[in-house]
K.L.:
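Below you'll find the structure I mean.
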Amino acid sequence: MNATANLKKIIVQALNEIWGLEIEDTDVLVNETRPEFEGDFTVVVFPFAKQLRTAPVKIGEQLGNYILEKSTAISSFNVVQGFLNLSFNNSFWNVQLDEILKNVNFGYSEPNGNKVLVEFSSPNTNKPLHLGHIRNILLGWSSSKLLQAAGYEVVKTQIVNDRGIAICKSMIAYQLFGNGTTPESTGIKGDHFIGKYYVSFETHFKQEYKKWQKSDNGLNAFDSNKKEGEIEDHFFDRFKNEYFNTYSKLGIQAKEMLLKWEDGDEDTIQLWSKMNSWVYEGFEKTYEKLGVYFDRNYYESDTYKLGKTLIEDGLKREVFYKKEDGSVWINLEDVGMDHKLVLRSDGTSVYMTQDIGTAQQRNVDNQVNRMVYVVADEQDYHFKALFEILKKLEEPYAHELHHLSYGMVDLPTGKMKSREGTVVDADDLIEDVINEAKSASMSRGELEGVDQFDQEEIFRKIGLAALKFFIIKVNPRKRMTFDPKESVDMQGQTGPYIQNAYVRILSVLRKSKNNSTLEVLDYDDLQELERKLIQTMFQFPDFIKDAAEALDPSSIANYCYNLAKMYHRFYHEFRILSAETESAKYFRLKLSEAVAQILKTGMDLLGIEMPDRM
RNA sequence: GGUCUCGUAGCUCAGCUGGAUAGAGCAGCUGACUUCUAAUCAGCAGGCCACAGGUUCGAAUCCUGUCGGGAUCACCA
């Protein structure tokens, strides 16, 4: 229970005692007082004026007097129009500061006994991770942290898309052009190695297709299938899939590979596992660099058949229905959606089938009562359907499913397109930001005397902070523009700016030789900025709860920035080590320590590490 | 076309469960390092919160419509 919650209770009580009005705590709006007015928190009394048929100012006055009398924490109040501004006394704030310092995990809630599974990243195994994955990973990781902080037990997981035609393309290309090389023999990171062959397949396929378009077969296909007045380019664009499936030599090979894989052909499986293992080694390195890990992975090659049993079962219970051709569907019209296919006519599973199976399997394995899927907003419809289906199947966790849907990442030049080679590679990006941090740091020269290894560690922390903060500060729901130049900025609203506030504090603390017998409470000359700092920290737990509830790490990012900004100002305006009095010095050291603690905790929730110096 | 979503300073973004005069950063211009890390701070300038209606004491925020961007509506994943 914090002070605003207490405040609301008192207001409710006052309204009831004075006017006999009955309302809930949630009907009371308490805001931070705007800087141009005097006070710490503001109660908006307009809403009561109507119900009580009394002038807002009058209600404000009476409420103010009531609170002043009942609460020892309030020192004064003033009423402006319909706003009741309340000031808390110094000792109240000093006590709050003490509370923060006493609790290393200030902001964290007690375990709530619930278990939530968070799925994120979930890459395909045919190419390396890119910028889009980074946004996904940061959101997933941070949401997991937030949920943990809010009291949940969290299982971090991914579904690895390790099967299908895409990986077969890489396999074919590797067989044709790989010459038995390996990531080891070439020195190329495993995921990039595989990606190279995927690209190689596409390149060769394109060449083959171009050639075919000029051939008799190609011209015939054009003549007999074109729409009226359709030009060649347009037609062949449209015809590409059919070409791949029926005419292309490469396409046919890839498809045969897929069939062999599904048949469990030994050589195919062997090649497949070997190539996938290279990819996993590569992914692992990238995850490690980003500082993330998973508690448990699920692989499509294991789970793609899982859904079928559930479908069979649902068919018996008439949740699903079968068409004449044998395909199985579900009617979602009652929830404003369409009919959705859950099993192909040949009995093979689709994306949805496997997701149904995976969800159930995950619940069997982990006994969760909530699941969060971090997936881009292009799949909004799919997840809406999936959740409805699971509800109809009466899965126990079905009412606690959340799709953390986030907007795609654009470049200043437009969309990222693999076809046009504009995809920003994750590993390259990470390397770039670290190098940028290194050169920025070198030119400042603060790290002279720090040993090589520690320096590298600091560069890594700074570079990644810049990158991560740049991405995580944006509200997930929104599409974002990623400007590589801006992402390595280390000044202003950035990760390094926040780190800098932290580093300044540690530097002061190192020099403080604190052996005082004073207490925070000995300081009674609290300055406006000092009070605001405590007030901001005091609200940290609420921010965490709200962010976890909304699955929105960006609000924590903005919170950290605001706190750091406030501290930088404080640092500039006030002396700490050479403060006017001993009690002021002691207080400011403690205040700084608390800010450092909160910044570290807050940034940790975002998956951002803090350096001790920079 | 149906549905969903976004539109706030030149640019990148906060603010959105309705509350006081809409905030930051970048870029531009002024200033502040013999003094706790200047990756900092202070200041100037920059806005018809896409547009039009509505709801009300009060709207960037809620509702409706229009315009613009994006996504989606596959026996693809």
Side-chain angles (χ1 to χ4, degrees), chain A residues 26 29 31 33-34 36-37 42 44-47 49-50 56 80-83 85 122 124 161 163-166 241 300 323 325-329 336-338 341-346 348-352 354-355 376-382 384 405 407-408 410 412 415 437 440-441 443-447 462 466 470 473-475 477-483 485-487 489-501 503-512 546 550 554-555 557-558 561-562 564-565 567-579 588-589 592 613-614:
Chain A
T26 48
L29 184 63
N31 291 328
T33 303
R34 297 192 59 127
E36 57 269 36
F37 298 95
T42 297
V44 184
V45 298
F46 286 108
K50 200 170 187 182
V80 182
Q81 297 170 46
F83 301 96
N85 302 319
S122 305
N124 293 348
N161 184 1
R163 68 180 197 101
I165 195 72
N241 263 340
E300 289 196 0
K323 280 191 182 172
D325 62 5
S327 58
V328 180
W329 297 73
M337 302 180 79
D338 239 334
L341 176 93
V342 291
L343 214 53
R344 290 198 190 98
S345 51
D346 62 4
T348 58
S349 61
V350 289
Y351 188 36
M352 190 64 82
Q354 124 187 338
D355 272 358
D377 63 8
E378 58 185 351
Q379 292 192 37
D380 283 356
Y381 186 81
H382 172 78
K384 215 176 150 211
S405 161
M408 304 282 234
D410 291 327
K415 284 189 209 180
S441 180
S443 65
R444 300 183 69 225
E446 287 283 351
L447 297 181
I462 299 172
F470 185 76
K473 74 175 182 187
V474 181
N475 188 314
R477 186 174 68 246
K478 292 189 178 177
R479 240 183 135 80
M480 68 169 289
T481 307
F482 183 89
D483 187 334
K485 284 202 295 288
E486 281 179 34
S487 73
D489 269 356
M490 318 241 163
Q491 281 159 20
Q493 197 179 39
T494 66
Y497 173 95
I498 299 167
Q499 290 178 322
N500 185 231
V503 163
R504 281 178 141 183
I505 295 170
L506 292 206
S507 179
V508 172
L509 292 177
R510 271 196 297 271
K511 289 176 180 160
S512 72
D546 291 349
S554 72
S555 64
N558 285 300
Y561 171 70
N562 286 328
K565 186 179 164 62
Y567 186 81
H568 275 305
R569 191 143 80 87
F570 163 77
Y571 180 90
H572 193 264
E573 272 180 40
F574 295 91
R575 307 299 304 167
I576 301 169
L577 294 175
S578 51
R588 286 177 192 158
L589 281 168
S592 300
R613 47 185 83 216
M614 65 195 285

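A note on names: the letters A, B, ... follow the listed sequences, proteins ahead of strands, and every chain is numbered from 1.
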K.L.:
Are A/F83 and B/A20 stacked, counting the six-membered base ring, centres under 5.5 Å, planes under 30°?
P.N.:
yes
K.L.:
From CD of A/E378 over to C1' of B/A77, roughly how many Å is that when rounded to an integer?
P.N.:
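Going from CD in A/E378 over to C1' in B/A77 covers 9 Å.
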K.L.:
OG/A/S327 to CG/A/L341 distance, rounded to the nearest 0.5 angstrom?
P.N.:
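So the OG of A/S327 and the CG of A/L341 are separated by 6.0 Å.
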K.L.:
Over how many whole Å does the gap from A/Y567 atom OH to B/U37 atom P extend?
P.N.:
10 Å
K.L.:
So what does A/E300 touch, heavy atoms closer than 4.0 Å: a base, only the sugar-phosphate, or nothing?
P.N.:
sugar-phosphate
K.L.:
For A/Q379 and A/Y351, does a side-chain donor sit closer than 3.5 Å to a side-chain acceptor?
P.N.:
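Checked: A/Q379/A/Y351 side chains pair up, N/O donor to acceptor below 3.5 Å.
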K.L.:
Using purine N1 to pyrimidine N3 plus N6-O4 or O6-N4 for Watson-Crick, or N1-O2 and O6-N3 for G-U wobble, both under 3.5 Å, which nucleotide pairs with B/A27?
P.N.:
none
K.L.:
Less than 6.0 angstrom separating the ring centers of A/F83 and A/F46, yes or no?
P.N.:
yes
K.L.:
Side chain of A/V44 only, please: which of B/G19, B/U37, B/A42 is the nearest?
P.N.:
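Within the option list, the nearest is B/G19.
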K.L.:
Whether the A/N475 and A/S554 side chains hold a donor-acceptor pair (N or O, under 3.5 Å, no angle test) is what I'd like checked.
P.N.:
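Result is no, nothing qualifies.
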K.L.:
The criterion is side-chain contact (heavy atoms from CB on, under 4.5 Å); which residues satisfy it with A/D410, sequence neighbours excluded?
P.N.:
A/K415, A/R479
K.L.:
Could you tell me which nucleotide pairs with B/C51 by Watson-Crick or G-U wobble geometry, both distances under 3.5 Å, or answer none if nothing does?
P.N.:
B/G65
K.L.:
Expressed in whole Å, how much space separates the C1' atoms belonging to B/C26 and B/A9?
P.N.:
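Their C1' atoms lie roughly 12 Å apart.
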K.L.:
To the side chain of A/K50, which of B/A38, B/A77, B/U56 is closest?
P.N.:
B/U56
K.L.:
Report the distance from atom NE2 of A/H568 to atom CD1 of A/I505, rounding to the nearest 0.5 Å.
P.N.:
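Rounded to the nearest 0.5 Å, the NE2-CD1 separation comes out at 8.5 Å.
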K.L.:
Quantified in whole Å, what is the P atom distance between nucleotide B/C16 and nucleotide B/A22?
P.N.:
16 Å
K.L.:
Of all the nucleotides listed (B/A71, B/U5, B/A14), which has the minimum atom distance to the side chain of A/K478?
P.N.:
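Nearest to the side chain of A/K478 among the choices is B/A14.
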K.L.:
Taking 5.5 Å and 30° as the limits, would you call A/F46 and the base of B/G19 a stacked pair?
P.N.:
yes
K.L.:
What interatomic distance, in whole Å, is found between P of B/C41 and the corresponding atom of B/G2?
P.N.:
50 Å
K.L.:
Quick one: A/R569 CZ to B/U40 P, roughly how many Å, whole number?
P.N.:
15 Å
K.L.:
Polar-atom pairs under 3.5 Å, protein N or O versus N or O of nucleotides 25-34 of chain B: list them with distances, or write none.
P.N.:
{"from": "B/G25", "atom 1": "OP1", "to": "A/K565", "atom 2": "NZ", "distance (Å)": "3.3"}
{"from": "B/G25", "atom 1": "O2'", "to": "A/Q493", "atom 2": "N", "distance (Å)": "3.2"}

K.L.:
State which of B/U40, B/C36, B/G19 makes the closest approach to the side chain of A/I576.
P.N.:
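Of B/U40, B/C36, B/G19, B/C36 is nearest to the side chain of A/I576.
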K.L.:
Checking contacts here: which listed nucleotide (B/A20, B/C41, B/C36) is nearest the side-chain heavy atoms of A/K511?
P.N.:
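Among the listed nucleotides, the one closest to the side chain of A/K511 is B/C36.
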K.L.:
Going from CE on A/M352 to CH2 on A/W329, what distance comes out if it is rounded to the nearest 0.5 angstrom?
P.N.:
11.5 Å
K.L.:
If you measure from the C1' atom in B/C33 to the same atom in B/A14, how many Å do you get, rounded?
P.N.:
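The same atom, C1', in both gives a distance of 31 Å.
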K.L.:
What's the gap between B/A59 and B/C51 when it is taken at their C1' atoms, as a whole Å value?
P.N.:
16 Å
K.L.:
Sticking with atom C1', work out how far B/G53 lies from B/C48, rounded to a whole angstrom.
P.N.:
16 Å
K.L.:
How close or far is atom P of B/G68 from atom CZ of A/R479, stated in whole angstroms?
P.N.:
18 Å
K.L.:
Within the modelled atom types, does a donor on one side and an acceptor on the other bring the side chain of A/S554 and the base of B/A14 under 3.5 Å apart?
P.N.:
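Counting by modelled atom types and ignoring angles, no donor-acceptor contact under 3.5 Å is found here.
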K.L.:
I need the CE-P distance between A/M352 and B/C73, as an integer number of Å.
P.N.:
11 Å
K.L.:
Classify A/M337 by what it touches in the nucleic acid, base, sugar-phosphate, or nothing, heavy-atom distance under 4.0 Å.
P.N.:
nothing
K.L.:
Rounded to the Å, how far apart are A/Q354 CD and B/A77 P?
P.N.:
8 Å
K.L.:
With P as the reference atom in both, quote the distance from B/G23 to B/G46 in angstrom, rounded to an integer.
P.N.:
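Between the two P atoms, the distance is 14 Å.
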K.L.:
In this structure, how many angstroms lie between the P atom of B/C13 and the CG atom of A/N562, rounded?
P.N.:
18 Å
K.L.:
Say you draw a straight line from OG of A/S592 to CD1 of A/I576; how long is it, rounded to the nearest 0.5 Å?
P.N.:
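It comes to 4.0 Å.
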K.L.:
So what's B/U72 paired with, Watson-Crick or G-U wobble, going by both distances under 3.5 Å?
P.N.:
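Base partner found: B/G2.
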K.L.:
Specify the separation, in whole Å, of atom CG of A/N161 and atom P of B/C76.
P.N.:
14 Å
K.L.:
With the side chain of A/Y571 defined as its heavy atoms from C-beta on, choose the nearest nucleotide among B/A38, B/C13, B/C16.
P.N.:
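Nearest to the side chain of A/Y571 among the choices is B/A38.
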K.L.:
Taking the same atom, P, in B/C36 and in B/G47, what whole-Å distance lies between them?
P.N.:
40 Å
K.L.:
With hydrogens left out and only the distance checked, is there a donor-acceptor pair under 3.5 Å joining A/N85's side chain and the base of B/A20?
P.N.:
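Yes, a donor-acceptor pair under 3.5 Å.
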K.L.:
Is the base of B/C4 syn or anti, where syn means the angle lies within 90° of 0?
P.N.:
anti
K.L.:
Between A/F574 and A/Y381, which residue's closest nucleotide on RNA chain B lies nearer the 5′ terminus?
P.N.:
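Comparing both residues, the 5'-ward one is A/F574.
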